Amino acid sequence: MSICEGPPKIAEKALVSPGFPGLFSEILRVVLQWPSGCVRKRFSVRGNRQFQAGRRFASLAALSFGLFFGFASAAVAAPEDFGIPQVRTINELVAAGWQVAGVSPSSAATDGEWCRRVHLDVIGRIPSLEELRAFLGDSTKSKRLALVERLLGKEYEDEYARHWTDVWTTILIGKDVENAMVSRPGMRQYLRRAFEKNIPYDRFVMELVTATGVNSPGAEGFNGATNFLTGKLDENGVQAAARTAQVFLGLQVQCTQCHNHPFNKGKQNQFWEFNAFFRQTRALRRFEGGMYVRSVELADEDFAGERGNPEEAELFYELRNGIKKVAFPVFIDGTAISKSGYLPGKLDDGSVYGVNRRRELASMIVASPLLAKAIVNRFWSFFLGYGFTKPVDDLGDHNEPSHPELLDTLSRQFREQSFDMKTLTKWIVLSQPYSLSSKTTAGNSKDDPSLGEKPAFSHFYLRQMTAEQLYDSLLTATRADRVGGGGESAAKKKDAWLSQFVIAFGTDEGDEATTFNGSIPQVLMMFNGELIKTAIGTGKGGFLDSVASSGVSNADKINSLYLAALARRPTAREVDVANALMIAKNGNATAALQDVWWAVLNSNEFILNH
């Protein structure tokens with residue numbers, strides 16, 4: 001007998017079909033949507049103990065199979081610039097690149113896809129069901145502009161700050177939680193306050209590069225910005241020099257500490273001249289209870305040089321042939337500062353002497369055209385999946401940008417707009433390339449940067465959520481963020497979950513990879529982890545309970561699940577599977593909804609930013 005007749009709809013009663021027991025047993029091998037560069041892996045339902053998840057696994061195989069293919073596309077529309085010149089510039093220059101590359105753009109993303117995408121990227125989570133429905137129900141032409149301004153405004157200030165704190169904590173200090181020289185709470189406290197105040201990027205960089213004080217919250221002289229450098233000063237500040245150049249100038253200089261760069265103009269002397277700016281900086285441990293490091297103080301001290309003459313405080317480095325060379329502080333553009341190792345001071349006669357090398361460095365970084373280029377390139381990569389260069393923090397002469405005119409123009413305008421990071425965000429997320437569908441076409445299938453091609457941005461590039469986004473999105477989708485309180489307690493729960501996530505997902509290097517590797521620990525964590533168990537719980541007052549007891553039709557209940565997790569309604573195929581589940585559960589709507597919800601949350605589509 002037919003479960004659904006006519007247009008797809010959810011069966012309202014349990015009707016046991018004699019042929020039903022064989023329905024799912026025929027699905028012996030299924031495609032589960034576990035990401036490995038968006039390659040779907042096959043797992044056998046039978047004969048594989050690690051994936052023998054019982055009746056639920058088998059009965060949901062068809063549903064899981066279909067989720068990745070449920071994306072809808074909207075008709076192509078003329079690019080909207082919302083009256084913002086910078087958005088118009090992005091649209092025009094990217095479109096010009098399509099002609100050069102010989103590709104045509106995908107259609108526009110649906111409102112649901114775009115709404116989900118912009119929530120993830122701007123505040124770090126998917127939209128709630130209420131937020132999504134409000135956006136989809138808005139018929140005004142400027143609703144996308146209005147939503148972006150809301151997400152960047154006072155209403156979402158806390159979530160915006162929390163999300164960008166997550167992003168920049170990883171950029172600045174990585175995910176190593178064992179480094180006693182770094183206080184993650186201190187770093188996060190500084191970043192959170194910086195993003196709450198939306199301080200200009202040039203000031204942000206100046207504060208990080210010049211910071212002094214103690215790195216742990218609650219300590220006298222606390223300054224959380226010091227954590228960028230406190231863990232990078234071993235071995236005469238080699239890491240401090242390398243990471244400062246990489247993060248803020250987009251220059252990969254780390255390999256030139258031993259030899260000239262084989263591909264670009266980077267010379268060994270330039271690395272050590274840059275390193276010389278950090279030779280007045282010390283990380284002073286404060287101990288408690290024997291060898292336990294309670295906090296670290298970042299301090300500036302006079303540097304006598306390696307020959308003991310602070311008037312000309314040099315350092316020495318060794319060439320590969322064993323010859324030693326001398327270096328003094330010189331910026332990457334050749335600008336030299338005083339050779340003195342003394343900090344600034346005044347003599348009895350009133351004359352001044354000395355120099356604060358880090359302050360001089362910070363001033364030159366802020367004045368460099370590379371500062372704006374590096375952050376524009378990083379933001380573009382964050383929102384579009386790829387930067388204008390690959391890797392994103394390599395703007396060397398050897399690495400030609402995919403869109404040099406656009407990078408130069410946006411960088412200049414970002415500086416003219418006083419380095420406002422929210423303004424830069426608005427330009428990018430309202431642009432046409434950000435608003436395109438992730439579905440490729442025959443006209444742009446070759447636009448695939450993962451194969452080594454320069455990105456043309458003719459479609460939205462699929463990428464995985466970060467661990468932080470996944471955690472917050474699970475809470476949002478299930479309304480678990482509305483119970484259990486917030487503040488320090490909520491932060492500790494999140495950190496505990498993220499710690500096991502980092503171990504299982506292998507992302508503790510602090511790199512910027514956006515895909516998971518599809519390993520067995522990942523699958524098992526998402527199948528059976530405590531967060532998922534909580535998410536699919538049917539307790540009173542929970543999300544599933546509210547949906548199951550809402551009094552609407554089963555069709556509307558299923559719609560609510562798909563909208564809450566994927567920002568779309570189910571396809572006809574998914575409706576068929578939901579019908580079958582309703583029958584299998586003998587009309588127990590809550591049990592059927594629980595199975596559907598488990599499958600949706602474990603689908604590739606949920607984890608993807610698409």
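Source: prediction; values computed, not measured. The chain is numbered in sequence order, starting from 1.
No more than 12 heavy atoms of other residues, nucleotides or ligands sit less than 6.0 Å from atom CZ of Arg359. A 6.0 Å sphere centred on CG of Asp349 holds more than 12 heavy atoms belonging to other residues, nucleotides or ligands. Summarising the local packing, CD of Glu416 is surrounded by more than 12 heavy atoms from other residues, nucleotides or ligands at distances under 6.0 Å. Heavy atoms of other residues, nucleotides or ligands lying less than 6.0 angstrom from CZ of Arg307 number 12 at most. Open room surrounds CZ on Arg285; 12 or fewer heavy atoms of other groups in view lie less than 6.0 Å from it.
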message = The test is side-chain contact (heavy atoms from CB on, under 4.5 Å); show your working for Tyr317 and Leu319 and say whether it passes.
response = CA-CA 7 Å; Tyr317 64 96; Leu319 301 180; 3.8 Å; yes
Leu298/Leu233 under side-chain contact (heavy atoms from CB on, under 4.5 Å): CA gap, chis, key distance, verdict = CA-CA 10 Å; Leu298 194 67; Leu233 291 173; 3.4 Å; yes
query = Where do Gln246 and Arg243 land on the side-chain hydrogen bond (donor to acceptor under 3.5 Å, both in side chains) test, with the steps shown first?
reply = CA-CA 5 Å; Gln246 190 173 359; Arg243 288 297 291 161; 3.2 Å; yes
Phe331 and Ser368: CA distance, side-chain angles, deciding distance, side-chain contact (heavy atoms from CB on, under 4.5 Å) verdict = CA-CA 10 Å; Phe331 193 58; Ser368 171; 4.1 Å; yes
task = Using the side-chain contact (heavy atoms from CB on, under 4.5 Å) rule, take Asn602 and Phe606 through it: C-alpha gap first, then chi angles, then the decisive distance, then the call.
result = CA-CA 7 Å; Asn602 277 291; Phe606 180 74; over 6 Å; no
key: Asn356 vs Gln280, side-chain hydrogen bond (donor to acceptor under 3.5 Å, both in side chains): CA-CA, chis, key distance, verdict   = CA-CA 8 Å; Asn356 186 308; Gln280 292 175 324; 5.4 Å; no
task = Show your working on salt bridge (Lys or Arg N to Asp or Glu O under 4.0 Å) between Glu131 and Arg125 and close with a plain yes or no.
result = CA-CA 12 Å; Glu131 289 167 332; Arg125 62 164 176 82; 2.9 Å; yes
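Between Leu474 and Ile532, the shortest heavy-atom contact is CD2-CD1, 4.1 Å. Closest non-hydrogen pair, Ala180 versus Val293, comes out as O-CG1, 3.9 Å. Shown here for Asp394 and Thr389, the closest heavy-atom pair between the two residues is O-OG1, 3.5 Å. Of all heavy-atom pairs spanning Phe222 and Ser216, the tightest one is CD1-O, 3.1 Å. The two atoms that bring Tyr190 and Glu207 nearest to each other are OH-OE1, 2.6 Å, heavy atoms only. The two residues Thr169 and Arg188 have their closest heavy-atom pair at OG1-CG, 3.6 Å.
A search for salt bridge (charged side-chain N to carboxylate O under 4.0 Å, His left out) contacts involving Arg282 returns Glu301, not counting sequence neighbours. With sequence neighbours left out, Ser338 forms a side-chain contact (heavy atoms from CB on, under 4.5 Å) with Ser340, Val355. Applying the side chain to side chain donor-acceptor pair (under 3.5 Å) criterion to Arg279, with sequence neighbours excluded, gives Asn275, Glu306. Scanning for salt bridge (charged side-chain N to carboxylate O under 4.0 Å, His left out) contacts around Glu155 gives Arg150, with sequence neighbours left out. For Asp234, there are no salt bridge (charged side-chain N to carboxylate O under 4.0 Å, His left out) partners two or more places apart in sequence or in a different chain. Qualifying side chain to side chain donor-acceptor pair (under 3.5 Å) partners for Thr335, counting only residues two or more places apart in sequence or in other chains: Asp333.
Ring-plane geometry between Tyr434 and Phe460 is classed as perpendicular, the angle between the planes exceeding 60 degrees on a 0 to 90 degree scale with a lower cut at 30. Using cut-offs of 30° and 60° on the angle between ring planes, the pair Trp380 and Phe457 is perpendicular. Between Tyr201 and Phe419, the ring planes lie tilted relative to each other; the angle falls in the 30° to 60° range. Taking the six-membered ring for Trp and thresholds of 30 and 60 degrees, Phe204 and Phe195 have ring planes inclined between 30 and 60 degrees apart. Classification of the Phe382-His163 ring pair by plane angle, with boundaries at 30° and 60°, yields tilted.
Side-chain contact between Phe328 and Glu312 is present, with at least one heavy-atom pair separated by less than 4.5 Å. Counting heavy atoms from C-beta on, the side chains of Gln268 and Lys325 never come closer than 4.5 Å. Residues Pro401 and Lys373 have side chains not in contact (no heavy-atom distance under 4.5 Å, counting atoms from C-beta outward). Using a 4.5 Å heavy-atom threshold, the side chains of Leu410 and Ile90 count as touching. Residues Asp121 and Gln469 are in side-chain contact: their nearest non-hydrogen atoms beyond the backbone lie under 4.5 Å apart. Put simply, the side chain of Pro200 does not reach to within 4.5 Å of the side chain of Ser418, judged on heavy atoms. With a 4.5 Å cut-off on side-chain heavy atoms, Leu191 and Leu172 count as touching.
Using a cutoff of 4.0 Å between basic side-chain nitrogens and carboxylate oxygens, Arg412 and Asp408 are not scored as salt-bridged. Ion pairing between a basic and an acidic side chain is recognised when a charged N comes within 4.0 Å of a carboxylate O; Lys426 and Asp420 show no such pairing. A salt bridge does not link Glu196 to Arg193: none of the charged side-chain nitrogens sits closer than 4.0 Å to a carboxylate oxygen. Ion pairing between a basic and an acidic side chain is recognised when a charged N comes within 4.0 Å of a carboxylate O; Arg162 and Glu159 show such pairing.
Atom CD1 of Ile607 is separated from atom CD of Gln464 by 6.5 Å, given to the nearest 0.5 angstrom. To the nearest 0.5 angstrom, Phe414 atom CZ is 6.5 Å from Met421 atom CE. To the nearest 0.5 Å, atoms CG (Asn399) and CG (Leu395) are separated by 7.5 Å. In this structure, Leu147 CG and Tyr156 OH are separated by 7.0 Å, a value rounded to the nearest 0.5 Å. A distance of 10.5 Å separates CG of Leu601 from OG of Ser473, quoted to the nearest 0.5 Å.
Residues Thr212 and Asp300 have side chains that never bring a donor and an acceptor to within less than 3.5 angstrom of each other.
Within the cation-pi definition used here (under 6.0 Å to the ring centroid, within 45° of the axis), Lys232 does not qualify as a partner of Phe278.
A distance of 6.0 Å or more separates the ring centres of Phe379 and Trp427. If you look at Phe287 and Tyr292, their ring centroids are not closer than 6.0 Å.
Without hydrogens or angle criteria, Thr165 side chain to Arg192 main chain gives a donor-acceptor distance under 3.5 Å. In this structure a side-chain-to-backbone donor-acceptor pair under 3.5 Å is missing from Thr230 to Ala283. Judged by distance alone, with hydrogens and angles left aside, the side-chain atoms of Trp164 form no donor-acceptor pair with the main-chain N or O of Gly124 at under 3.5 Å. Side-chain atoms of Asn377 come within 3.5 Å of backbone N or O of Phe388 as a donor-acceptor pair.
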